[in-house]
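All residue numbers refer to positions in the sequence shown, counting from 1. Counting starts at 1 for both ligands and their atoms, following the listed order.
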Amino acid sequence: MYSKLLNVGVFVLPLLVCTAEAAVFKTPFNTNSTTLKKISDAAVAEKAGLEIGVALYFQTNPLGGDNEVVACKINEDGSIGEHRKHRTGGKGGAAPVATSDNDGKIARLQLASTNDALFSQHSVIVNGNYLFTVNAGSNSITMFKVDTKDYLKLTRVGKPITSHGDLPVSLAYSPKLNTLCVANSGKRDGVACYDVDDEKGLSCTDTEPLKRKIGTVKDGPAGTVSDMFFTDDQKNLVVITKGNSVTKDASIIDVYKTYPDEKRKVCVEGVRSTIKEAPLLFGAVQVSPTMIFATDGSFGVARLTFDPKTRKITLPTEEKQEIDFQSATGWIAKNKKYDTVYVTDGKMNRVIEFNAPSGEKTQDQAFLSGQAGNLDIAIGGDFLYTLSPSNLALGSNTSMIQVMQITGKNKFHDVGAYVFDKADNITASAHGMAISCRTRTIKRKETRSLLNYFF
Ligand SMILES: *[C@@H]1O[C@H](CO)[C@@H](O)[C@H](O)[C@H]1NC(C)=O
Ligand SMILES: *[C@@H]1O[C@H](CO)[C@@H](O)[C@H](O)[C@H]1NC(C)=O
Ligand SMILES: *[C@@H]1O[C@H](CO)[C@@H](O)[C@H](O)[C@H]1NC(C)=O
């Protein structure tokens, strides 16, 4: 294991280091490590304190290979310090794509033009000390416990358990119900739910696990499951499935009522809404009891209205918003501190910020790395992280985690990227991102030379 903050001005890469993991954190080309020092200094000077996550996680998801969760340490300045890999016991996979270009591994990814293997958000999730990941290539789910003294240490709980269908791509966990659900996006599609036990791991609570059926025609990204989450009050499970922008099929949103006091916590009969104005609904976050802020791969963003009484979801015409020059708008994360959401594009180098209550687009930032696309996005306190895997079709052979610091509403900027080396073996099929929700606040100290971290 080796990692180092690379000072762009002074290259100090010891040649003797040739261990398996050799990623480095690189600051943008026109800055140097002084920038990070400034963040630490600002953290000390600021009265309210900076909020910084402790670790982030994603899956390597190698097609047909042994899947691993990569645990990355977040430094006190928001940058990433080191990483460790953990076998999940399952295999990586990708959504099959109907395409003429089918001569090899890359072709199994979305038309070889992007790097999103599963066409989904939330393929890896963290809640408290639990971490869950799908193994898309072996139709299973793995549960880990995160060590609270060493966030890079993960312990597998039980064996990987069947997802009961094909191609599991998205997960949702409710602490109140102590229930995990998985959405299967392949031929045998549907949503299965599990009880979560600290020691025994997962046990399915459904008698007919795929009764919560999707039933779409799948053609590449079209017709596949995009995202799944429990509403903030945990009274509903929301499952989002893409339609088809070519054949003009509507996207589908299924909402399942939950029952905290019964053995089977999630109803098998859902309320289905069809959203024809948004044919490629993708990632979604709830921003108020009645509003879901979603992305659509065919045009931009959509603010959906949720009626908690009828469980119906609609898209008012005026809440559909095009993003100029967008290519594949996908992942979305919300920032409670500023009531903003951030959106990435799988084929473009940029992060766009929207004001959640008004829907207004407020900022648009590119990463100085020039990396061609960003998939999953996660907020860790005052920092934003994106998973930006290599994408040969778009000219990048390098995978990285990119970092922006959020300094206020409408204010965020690139602070660098944790760049994986060839030996790290993080490829285009890497997927998912979850951040340990524990954030630490760096408090003001009398002497500026010493930082104190409170967890
Ligand atoms: C780093 O950048 C700052 C200004 O951004 C500059 O003053 C300083 O000399 C640079 N340090 C190195 C080592 O390049
Ligand atoms: C990279 O990962 C793949 C998939 O698990 C594996 O087959 C291959 O041996 C790995 N390569 C290296 C150099 O570790
Ligand atoms: C990317 O390509 C460059 C140039 O060929 C090479 O030096 C580098 O090791 C490659 N990186 C990875 C992660 O494969």
Side-chain angles (χ1 to χ4, degrees), residues 1-6 8 11-29 57-72 80-96 104-109 112-118 123-124 133-142 144 152 154 156 159-160 167-169 349 367-375 385-403 416-433:
M1 189 96 37
Y2 170 74
S3 76
K4 183 158 198 339
L5 183 71
L6 180 68
V8 174
F11 277 87
V12 274
L13 274 180
L15 291 172
L16 69 171
V17 180
C18 53
T19 50
E21 275 122 68
V24 285
F25 193 84
K26 297 191 186 189
T27 51
F29 70 87
Y57 309 89
F58 67 93
Q59 56 167 326
T60 55
N61 187 40
L63 309 188
D66 292 329
N67 196 14
E68 289 170 302
V69 166
V70 184
C72 299
I80 291 170
E82 58 175 301
H83 70 279
R84 261 183 250 164
K85 287 172 159 187
H86 303 270
R87 286 264 172 98
T88 67
K91 304 279 186 203
K105 281 183 188 166
I106 296 288
R108 290 190 59 217
L109 298 183
S113 61
T114 186
N115 40 12
D116 175 18
L118 306 178
S123 67
V124 176
T133 182
V134 298
N135 300 302
S138 53
N139 299 336
S140 64
I141 315 161
T142 303
F144 287 98
L152 300 198
L154 304 180
R156 220 151 82 186
K159 291 202 176 101
L167 200 74
V169 296
N349 167 21
F367 286 101
L368 295 164
S369 68
Q371 182 80 340
N374 305 297
L375 308 190
Y385 300 87
T386 66
L387 173 68
S388 309
S390 62
N391 188 337
L392 295 178
L394 293 178
S396 168
N397 72 341
T398 311
S399 296
M400 57 185 84
I401 303 289
Q402 308 207 71
V403 190
Y418 187 65
V419 181
F420 293 103
D421 191 88
K422 204 167 186 166
D424 296 314
N425 209 6
I426 311 292
T427 64
S429 56
H431 210 267
M433 177 173 293

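Within the 3.5 Å criterion, the main-chain N or O of Ser388 finds no donor-acceptor partner in the side chain of Thr386.
Between Val403 and Phe25, some side-chain heavy-atom pair lies under the 4.5 Å cut-off.
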>> For Ser429 and Asn61: C-alpha separation, side-chain torsions, deciding distance, then whether side chain to side chain donor-acceptor pair (under 3.5 Å) applies.
In response: CA-CA 6 Å; Ser429 56; Asn61 187 40; 4.8 Å; no
> Are Gln59 and Thr88 close enough, and set up right, to give a side chain to side chain donor-acceptor pair (under 3.5 Å), and what steps lead you there?
Replying inline: CA-CA 9 Å; Gln59 56 167 326; Thr88 67; over 6 Å; no
Starting from the N and O atoms of ligand 2, find every protein N or O within less than 3.5 Å and list the pair with its distance.
residue, atom, partner, partner atom, Å
ligand 2, 2 (O), Asn425, ND2, 2.4
ligand 2, 11 (N), Asn425, ND2, 2.7
ligand 2, 14 (O), Asn425, ND2, 3.3

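Residues Thr60 and Asn425 have side chains that never bring a donor and an acceptor to within less than 3.5 angstrom of each other.
Scanning both residues, Leu118 and Ala94, for their nearest heavy atoms gives CD2-CA, 4.0 Å.
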